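No experiment lies behind these values; they were computed from the predicted model shown. Within every chain, numbering begins at 1; the chains are lettered A, B, ... in the order of the sequence lines, protein sequences first and strands thereafter.
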2 protein chains.
Amino acid sequence: MSQSLFYSQYTRYYVAVDCVIFGFNGDDLDLMLIKRSFNPGKGEWALPGGFIEPNESAAQASKRILKEHTGISDVYLEQYYTFTDVDRDPGARIISIAYYALIKVEESNNELVSLHNAYWKKVSVLPKLMFDHGAIAEKALDQLRLKAKHQPIGFELLPECFTIPQLQKLYEAIYQKKYDKRNFRKKIAHLGLMEKLNVKDKTGSKRGAFLYKFNKSKYKILADKGIAFEI
Amino acid sequence: MSQSLFYSQYTRYYVAVDCVIFGFNGDDLDLMLIKRSFNPGKGEWALPGGFIEPNESAAQASKRILKEHTGISDVYLEQYYTFTDVDRDPGARIISIAYYALIKVEESNNELVSLHNAYWKKVSVLPKLMFDHGAIAEKALDQLRLKAKHQPIGFELLPECFTIPQLQKLYEAIYQKKYDKRNFRKKIAHLGLMEKLNVKDKTGSKRGAFLYKFNKSKYKILADKGIAFEI
DNA sequence: GCAAAAGTGTTCGGGCTACACCCATGA
DNA sequence: TCATGGGTGTAGCCCGAACACTTTTGC
């Protein structure tokens, strides 16, 4: 085995990825949790996850798991921490590389979701999770909050076209905090990255609210110039 | 083996930690690099690192490596990314959990440093590194820059007592950017977290500059109240 | 006395906050 | 016509950026 040539005296470990999958339902920020049907941890709530295969990177493994659970292959994924405590899994020593994903819930395949015993749960009132998955989820939320301030990742949770009130509700759900709608609008407008469409969404109100698109390419040009996004 | 009870069908991998050790010499931000004396990668520049032992977490492993290379055991350490590309190490598949460390160079044991063929190299002009270590170091620098804006981690690179010009030079080295000294002083003073000592440091100038200490406990109180640190 | 670094204030503009009313529409 | 959410402007304050001269002292 060439694998052993230099390093054979060292121990090898199981390495898994765990995915903290965020979705936004219009009011709450949700997280996809699995009701575990097998041991260890049978009957408990857990994060979707799986072992890394020999031919794939951790990013590929988490994409695979994302696709298995939602049917979506083009997903915003961010690796944020690796959990290595010796006793974190009672079944064996497992090192777990954690990713959080932002998905547009309306694109996810509900049949696949239920097939995996997966449910959307509000992040504001999460149940107790198996092993250290509670800490894994908490840290994901911290990282999401940190990142969403400086990078336009919120849009990954919204449909391509969305209204300003929807966007505001999303940020309110992420930060668990109300914003003044006039100031919020001003800040968004000031970014200069929104394309207003001449179409209204009437699902949220009688009057209807204008739809907007986020101009990703314009953002990239600004980002390359070193101009910061801030929300 | 209980290790195999649930998971025996899965592959196990070597898991290492790599440490990006930052130090500040008064002018430049430095990084500790090893001139490798063994294969794979013999003769190339590499990050200090090592394999995780069965009885230790990744954090413990990186502390161990830090201590081996510098003699210091109380070190600011931050895990920031895990590198998992299948072919990242030509010798075998190795998953590497990367940490960056901030140390006070004056506390490090130079004999230990040279014993490991380690050298301090300016981050502004790094040599080519072995395997993906260049990318690992780059990402560490990105993370350091991100974090140093919002958390008082710069002080980990300075002696306990330092002057304002020293502090300014440190931030200039981190961000590769000059600051106006009047504005810098104001910003620092405005934090209200510096204790001015009635002692001057005369090593940097004839006139001498007053020494200060960072008031960690005061910072913690503010941080717990949710008051942000910003620099 | 001069070189070299330390130390100090003011002005201006932009962005953040706080705040209240009219608009459009479906029921 | 009324209830519901969409949409708009202004005033005050604070903060960050720009900018130049005096002080101290070792040589």
Side-chain angles (χ1 to χ4, degrees), chain A residues 24-28 148-150 152 158-159 161-173 175 177-213 222 225-231, chain B residues 24-28 148-150 158-159 161-213 222 226-231:
Chain A
F24 179 60
N25 65 25
D27 285 308
D28 299 291
K149 276 203 165 53
H150 310 285
L158 291 173
C161 305
F162 52 86
T163 68
I164 304 295
Q166 276 168 15
L167 184 66
Q168 180 172 347
K169 275 191 177 170
L170 169 64
Y171 279 92
E172 290 177 342
Y175 294 103
K177 165 173 199 257
K178 289 281 174 198
Y179 297 100
D180 178 280
K181 62 180 174 174
R182 281 166 294 191
N183 294 337
F184 186 83
R185 244 166 221 283
K186 262 182 289 174
K187 189 146 56 172
I188 297 299
H190 184 244
L191 294 173
L193 294 172
M194 298 291 162
E195 270 172 45
K196 186 176 184 176
L197 309 180
N198 266 325
V199 188
K200 282 193 169 186
D201 167 38
K202 295 228 173 189
T203 59
S205 71
K206 295 159 187 173
R207 179 178 174 178
F210 279 106
L211 286 165
Y212 290 79
K213 277 186 182 183
L222 290 181
K225 282 190 202 158
I227 298 170
F229 176 94
E230 198 73 40
I231 213 157
Chain B
F24 179 60
N25 64 26
D27 286 308
D28 299 292
K149 277 203 164 56
H150 309 287
L158 291 173
C161 304
F162 52 85
T163 68
I164 304 296
Q166 275 169 17
L167 184 66
Q168 180 172 349
K169 274 191 178 170
L170 169 64
Y171 279 91
E172 290 177 343
I174 293 175
Y175 294 104
Q176 302 270 311
K177 168 172 196 260
K178 289 281 174 198
Y179 297 99
D180 178 279
K181 62 178 173 173
R182 283 166 292 189
N183 294 336
F184 187 82
R185 243 166 220 284
K186 261 180 290 176
K187 190 146 54 173
I188 297 299
H190 182 83
L191 294 172
L193 295 172
M194 298 292 161
E195 269 171 46
K196 185 176 182 175
L197 309 179
N198 266 326
V199 188
K200 281 192 169 187
D201 169 39
K202 295 226 171 192
T203 59
S205 71
K206 295 158 186 173
R207 178 177 175 179
F210 278 106
L211 286 165
Y212 290 77
K213 276 187 182 183
L222 290 181
I227 297 170
F229 176 94
E230 198 73 40
I231 214 157

Nearest whole Å is fine: how far is [N] [atom2] from [X] [atom1]?
X: B:Tyr212; N: C:dG7; atom1: OH; atom2: C1'; value: 9 Å
X: A:Arg185; N: D:dG5; atom1: CZ; atom2: C1'; value: 11 Å
X: B:Ile188; N: C:dG7; atom1: CD1; atom2: P; value: 13 Å
X: A:Tyr179; N: D:dG7; atom1: OH; atom2: P; value: 20 Å
X: A:Lys178; N: C:dC16; atom1: NZ; atom2: P; value: 21 Å
X: A:Phe162; N: D:dG6; atom1: CZ; atom2: P; value: 15 Å
X: A:Lys169; N: D:dT4; atom1: NZ; atom2: P; value: 13 Å
X: B:Ile164; N: C:dA5; atom1: CD1; atom2: C1'; value: 14 Å

Out of curiosity, [X] [atom1] to [Y] [atom2], how far, rounded to the nearest 0.5 Å?
X: A:Ile231; Y: A:Ile188; atom1: CD1; atom2: CD1; result: 3.5 Å
X: A:Phe229; Y: A:His150; atom1: CZ; atom2: NE2; result: 10.5 Å
X: B:Asp28; Y: B:Glu172; atom1: CG; atom2: CD; result: 11.5 Å
X: A:Lys187; Y: A:Gln168; atom1: NZ; atom2: CD; result: 10.0 Å
X: B:Phe210; Y: B:Asp201; atom1: CZ; atom2: CG; result: 11.5 Å

Taking the side chain as C-beta and beyond, is there a heavy-atom pair between B:Cys161 and B:Leu197 under 4.5 Å?
-> yes
Scoring nucleotides 15-25 of chain D by protein non-hydrogen atoms under 4.0 Å (B base, S sugar-phosphate only, - none) yields S-BBBB--BBB
